[in-house]
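Okay, so here's the structure we're looking at.
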Protein chains: 2
Amino acid sequence: MKTTSKTPPYEEVEAILRDYLEKKGHRKTPERFTILKEIYSIDGHFDIEDLYVRMKNNKYRVSRATLYNTTELLLDCNLIVKHQFGHHSAQYEKSFQYGQHDHFIDIDTGEVSEFWDERLEEIQKYVEDTLHVKISHHSLVFYGKKLP
Amino acid sequence: MKTTSKTPPYEEVEAILRDYLEKKGHRKTPERFTILKEIYSIDGHFDIEDLYVRMKNNKYRVSRATLYNTTELLLDCNLIVKHQFGHHSAQYEKSFQYGQHDHFIDIDTGEVSEFWDERLEEIQKYVEDTLHVKISHHSLVFYGKKLP
DNA sequence: ATCCATGCAAACCGTTTGCAAGCAA
DNA sequence: TTGCTTGCAAACGGTTTGCATGGAT
């Protein structure tokens, strides 16, 4: 029941960003493409600080401010997704590697697992109908412990 | 399909806190009961700052630190629940007034609506079985816009 | 009398903002 | 050349922490 999809070649996501910037009238700066490339080399979740450290280690000169700005753009063109687990730093991940999924977080270790259940779509439809709204995205997180 | 339940008399929740503090060996300070009483007079969501202002308006001398400490205790004995919507201040609500429910948040206005769909329990069971875990709580939030 | 809990203020930390310098258009 | 974007550092805001005082036990 868990869906997966492959990461497309980097050229493809780069083209998506290029078209998006074009359409919105934003500048195609080298920083934006470098950041996208770095993000697409990361498997799993990362936060801004992770990204900052990675790019510094790669001897690339970036500021956290630019990382915050650029992730905002990448969110807007759906190249990444953002998760707010608890009150800590926001977690991001590229949105092509895995299909749609939600999260389970181990209370003891903080470890994150993923799952997907189609019935959530039925719930979404129910909510849209009863509250008379159009849902654009959601966040579902289960918290608990591993069974022995 | 939406479930509701009535707020029990204040004496009942006070007894729950009293028993909890007793069992845990924590002191039964007047602050803790006053804060509980204030919280149970609030309908809907509130954050620490809301609570602080309310108590100040009622001429009660509290510190934010004590509010943070006490809400931690009230969470632990299940007299309140905590929601982390976005990266902003945590929202709390007494856990007796409404039954189990989840949230829809209007992207434009920030307005919060509630709903309940039993199929979520089936999803929870599915996740427990496939990931081999025991789930203690969850957070489900849909984001979207009102239909015209 | 103990020592946990409180009030206050400072520290903390992720995120946002202001601004001068840089560079895409 | 124009003015959006960047890097840097300071500001911001919710939460946590340190510490002296106070009060439950």
Side-chain angles (χ1 to χ4, degrees), chain A residues 14 17-39 45-77 80 82-92 110, chain B residues 14 17-39 45-77 80 82-92 110:
Chain A
E14 186 178 281
L17 176 56
R18 190 179 311 280
D19 294 348
Y20 167 80
L21 295 175
E22 186 84 37
K23 194 184 64 179
K24 291 279 187 171
H26 293 141
R27 294 182 179 173
K28 303 177 197 61
T29 67
E31 287 81 0
R32 288 172 175 169
F33 290 97
T34 307
I35 291 168
L36 176 65
K37 187 169 233 165
E38 186 65 45
I39 286 177
H45 300 104
F46 63 92
D47 62 19
I48 295 292
E49 192 61 22
D50 295 333
L51 189 53
Y52 181 73
V53 170
R54 285 180 75 112
M55 299 194 74
K56 284 296 182 184
N57 286 345
N58 292 347
K59 307 282 180 290
Y60 196 85
R61 187 169 179 267
V62 243
S63 70
R64 275 170 262 255
T66 300
L67 295 179
Y68 280 106
N69 290 337
T70 304
T71 48
E72 208 55 46
L73 297 175
L74 297 178
L75 279 172
D76 197 34
C77 58
I80 61 177
K82 180 179 183 177
H83 307 292
Q84 193 73 47
F85 301 140
H87 53 85
H88 299 295
S89 61
Q91 301 285 328
Y92 301 83
Chain B
E14 186 179 283
L17 176 57
R18 191 179 310 281
D19 293 349
Y20 166 80
L21 294 174
E22 185 84 38
K23 193 184 65 182
K24 290 279 187 171
H26 293 141
R27 292 181 179 173
K28 303 177 198 61
T29 67
E31 287 83 359
R32 289 171 174 169
F33 290 98
T34 307
I35 292 168
L36 176 65
K37 187 169 233 164
E38 187 65 44
I39 285 177
H45 300 103
F46 63 92
D47 63 19
I48 295 293
E49 192 61 22
D50 294 333
L51 189 53
Y52 181 73
V53 170
R54 285 180 75 111
M55 298 194 74
K56 284 295 182 185
N57 286 346
N58 291 349
K59 308 282 179 290
Y60 195 84
R61 187 169 179 267
V62 242
S63 69
R64 275 170 262 255
T66 300
L67 295 179
Y68 280 105
N69 290 336
T70 304
T71 48
E72 207 56 47
L73 297 175
L74 297 178
L75 279 172
D76 196 35
C77 59
I80 62 177
K82 180 179 184 176
H83 307 292
Q84 192 74 46
F85 301 141
H87 53 86
H88 298 295
S89 62
Q91 300 286 327
Y92 301 83

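Proteins get letters first, then strands, A, B, ... in listed order; numbering begins at 1 in each.
Counting non-hydrogen atoms of neighbouring residues, nucleotides and ligands closer than 6.0 angstrom, the NZ atom of A/K37 reaches no more than 12 such neighbours.
Cation-pi geometry between B/R18 and B/F33 is met: the NZ or CZ atom falls under 6.0 Å from the ring centre, inside 45° of the normal.
Rounded to a whole Å, the CZ atom of A/R27 is 6 Å from the C1' atom of C/dA25. The separation between B/N69 atom CG and D/dT15 atom P is 13 Å, rounded to whole Å. One can place NE2 of A/H26 at 12 Å from P of C/dA25, the figure rounded to the nearest angstrom. For the pair A/Y60 OH and D/dC8 P, the computed distance is 12 Å after rounding to whole Å. Distance B/R18 CZ to D/dA24 P: 13 Å, rounded to the nearest Å. Across the protein-nucleic acid pair, B/F46 atom CZ and D/dG14 atom P stand 16 Å apart, rounded to whole Å. Atom CD1 in A/I48 sits roughly 16 Å away from atom P in D/dC8 (whole-Å rounding). C/dA24 atom P lies 13 Å from atom CG of A/L21, rounded to whole Å.
Close to D/dA9, at under 4.0 Å from its OP1 or OP2, lies no side-chain N or O of A/S63. In this structure, B/Y68 does not reach the D/dT16 phosphate: none of its side-chain N or O atoms is under 4.0 Å from OP1 or OP2. In this structure, A/R61 reaches the D/dC8 phosphate: one of its side-chain N or O atoms is under 4.0 Å from OP1 or OP2.
Between B/T29 and B/D47, the residue whose closest nucleotide on DNA chain D is further toward the 5' end is B/D47. Mapped onto DNA chain C by nearest heavy atom, B/R32 and B/Y52 fall at different nucleotides, with B/R32 at the one closer to the 5' end. Heavy-atom nearest nucleotides on DNA chain D were determined for A/H87 and for A/K56, and the one closer to the 5' end corresponds to A/K56. In terms of position on DNA chain C, the residue among A/H88 and B/R64 whose nearest nucleotide sits closer to the 5' end is B/R64.
A tilted orientation is assigned to the rings of A/H26 and A/Y20, their planes being inclined by 30° to 60°.
For the atom pair CZ of B/R64 and CE of B/M55, the computed distance is 13.0 Å after rounding to the nearest 0.5 Å. Between A/D50 atom CG and A/S89 atom OG the span is 7.5 Å, to the nearest 0.5 Å.
When distances run from any side-chain atom of B/A65 to the nucleotides C/dA25, C/dA9, D/dT6, the shortest one goes to C/dA9.
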